[in-house]
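Contents: one structure, followed by commentary.
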Amino acid sequence: MEGLRNDGRRWNELRRIHCQLSTSSTNADGSSYIEQGFTKVLCNVTGPAEPSSRQKVKQDAATVTCEVYFAAFSGTDRIKRGRNDKKVQELQTAIQKTFASVILTHLFSRSEITISIHILSQDGGTLAACINATTLALIDAGIPLKDYVCACTSGQSTSIFDNEGSTPDPWLDVNYLEESDIPSLTVATVGETEKIVALSMENKVRIEMLEGMIAVGISGCAKVKGIMDAEVRRYGKTRLEAATGE
Amino acid sequence: MPIQIIAPAPFVTADDEADDEGGVRLDFDNDGDIAMDGDAPRRAAGRQSGGIVTPGEVVTEDPQWMRGHGTYLSQPLAPGGSQSIVSSLAGTISKTNKLLSIRALKFRYVPEIGDLVVGRILEVQTKRWRVDIAAPHSATLLLSSINLPGGILRKRTSTDELQIRTFFSEGDLLVAEVQTLSNDGLASLHTRSLKYGKLRNGVFMTIDAGMVRRMKSHVLTMNTSNGGGEVDIYLGVNGYIYIAKHTTPLTESGGPEGKSVSITRLEEEASEAIYSNVNEEISPETRAEIARIACVIGALAKNGVKVDDEMVHLGYEAALEEFLQGMEWGGDGEAGKRVVEAALAKRMEG
């Protein structure tokens, strides 16, 4: 069992990703559901629509707003997180900023795109799953994006091998146990390029480790993009077939 | 340093097994060697399989094409280098002469002049209403572009302005036509025909905007079975649909088929009654048939079949047969799928 992590994965192995488009049949223009391991996230996108308040009106672009809801049962402890919870607000801002830069907002002046995310289960990499789910929901809603935004986490195990001079491999796609154990970061890239649009880390880590962690994260993002793209194509194909009446 | 990422184990669910072809995808699991190079051929192959492009995919690098909707120009790699046209949507490529555009699989309604839309009043202002028509912006309906009680040619007075809520108030549903579009795509509606106006005696439902096929007439009148009588269906191009009991006074003259009405007759018809908020008596039989039609339209849209005159009729027939066989029928799920398949089979037969 040498070199395996607590859930039996190798250092560079992703957890199982299952994603779906158009999961909600009403109200939302686009919706998606993603499972990354046991992290489960549901996302609905409405818009571009009339802004809900006058403050949100931008004359030359669409406003992107994001609402995140944690289900009380999503974590290990039952916690109700309100609208003003710090963690909720942090997630909202991170997602809103990320997507405001990738959506071609200039095409929809004076309108609003609302992203609403429900976190059903948390097992590490919540932000990453939220970003991936949002990308899929936006694609489903037919909102123009520069490219896919894919996110992935990576952590650095602080292992005993440190003093031998060789740093251990960073861990890709950390789960909840690992996340609470070792320093980890979330990285989001645009498509398969190495352009980073979001990077978040809440722990301290030695600066030498950072580069390796980001590199692993970026490679993970590219892989996630492939998986998401395959699902979009599969979904698109079935939809086209239905339309032509096959 | 090239990093290899091991793909996750394939997701297998009970109903997924057929697609899995006995674990063909399981070779993903071997040793992570497919990691990086696995994506490159898929990109090229994707174009052939169903012709779908996804956001960020380069559509063409050929400078002879012009970019249309759903695309953007990439930053040139080198200064002065050629720019390529990149897709920003997931959808199909459509070419018009030298114009390349992408048609999304699902999109919000974009108003066009002449569209018949069903809308809901959002706000009442002094001389106009703001109407939700499922577009990026709400439309406006001017007091001067509705039929005022007492005749189309009557001058609008300040009394009318004061009584604006008696015509339409917040939450009211109406059927209208897009009259003009401003430069930035804001629609202005009108209801100056007896075909248009306030909606009552029925149910409202929404489907995706792209699922309504554009037709000659978007108001259908159907003869329903089981003693349901005649039912009007307003298929708004914006994906808003209203299904109501057939009302006699309006359609005897105006008619869904668009027979022109003389101006004098119009005056008689445009009475206070057209702005009534009270439903007529609707029999349980009619209600059941209205619900059935709503289920059929919902099922058609859900299964990706465009809704039009023909499909509603065929779907309704299929739904009746399904009902007569004593099956559960709820509009979605399995029964809906069966009805849609039956309707499609009927269409094939001709």
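Every chain is numbered from 1 and lettered A, B, ... according to where its sequence line falls, protein lines coming before strand lines.
- When every heavy atom of L240(A) is checked against every heavy atom of I52(B), the shortest pair comes out as CD1-CD1, 3.5 Å.
- Heavy atoms closer than 4.5 Å to chain A are found nowhere in S74(B), neither backbone nor side chain.
- For Y72(B), the part lying under 4.5 angstrom from a heavy atom of chain A is the side chain only.
- Between G142(A) and A104(B), the shortest heavy-atom distance links the atoms CA-CB, 4.2 Å.
- In this structure, chain A has no heavy atom under 4.5 Å from any part of A209(B).
- In this structure, chain A has a heavy atom under 4.5 Å from the side chain of L186(B), while its backbone stays farther away.
- Comment: D140(A) engages K106(B) in a salt bridge, judged by a side-chain N to carboxylate O separation of less than 4.0 angstrom.
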Original post:
Could you go step by step and tell me if I143(A) and F107(B) meet the side chain to side chain contact (heavy atoms under 4.5 Å, CB included) rule?
Top reply: CA-CA 8 Å; I143(A) 292 172; F107(B) 47 87; over 6 Å; no

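- A distance-only check finds no donor-acceptor pair linking the side chain of Y148(A) to the backbone of P55(B) [under 3.5 Å].
- Residue contact with chain B, scored on non-hydrogen atoms closer than 4.5 Å, is absent for R9(A).
- Within the 4.5 angstrom heavy-atom criterion, atoms from both the backbone and the side chain of L145(A) approach chain B.
- Between R239(A) and D208(B) there is a salt bridge, with a side-chain nitrogen of the basic residue lying less than 4.0 Å from a carboxylate oxygen of the acidic one.
- Within a 6.0 Å sphere centred on CZ of F204(B), other residues, nucleotides and ligands contribute more than 12 heavy atoms.
- For E194(A), the CD atom sits in a loose shell: 12 or fewer heavy atoms of surrounding residues, nucleotides or ligands are nearer than 6.0 Å.
- Listed here is the closest heavy atom pair of R233(A) and V53(B): NH1-CA, 4.4 Å.
- With a 4.5 Å cut-off on non-hydrogen atoms, L107(A) does not touch chain B at all.
- For chain B, the nearby parts of A49(A) are the backbone and the side chain; heavy atoms of each come within less than 4.5 Å.
- Contact record, L104(A) with S88(B): CD1-CB, 3.7 Å, taken as the closest heavy-atom pair.
- Surrounding CZ of R130(B) are more than 12 heavy atoms belonging to other residues, nucleotides or ligands, all under 6.0 Å away.
- Across all non-hydrogen atoms, the minimal contact from I139(A) to A90(B) is CG2-CB, 3.4 Å.
- Using a 4.5 Å cut-off between heavy atoms, D184(B) contacts chain A through its side chain alone, with no backbone atom that close.
- When each of R108(B), K306(B), H137(B), M211(B) is scored by its heavy-atom pairs under 4.5 Å with chain A, the top score falls to R108(B).
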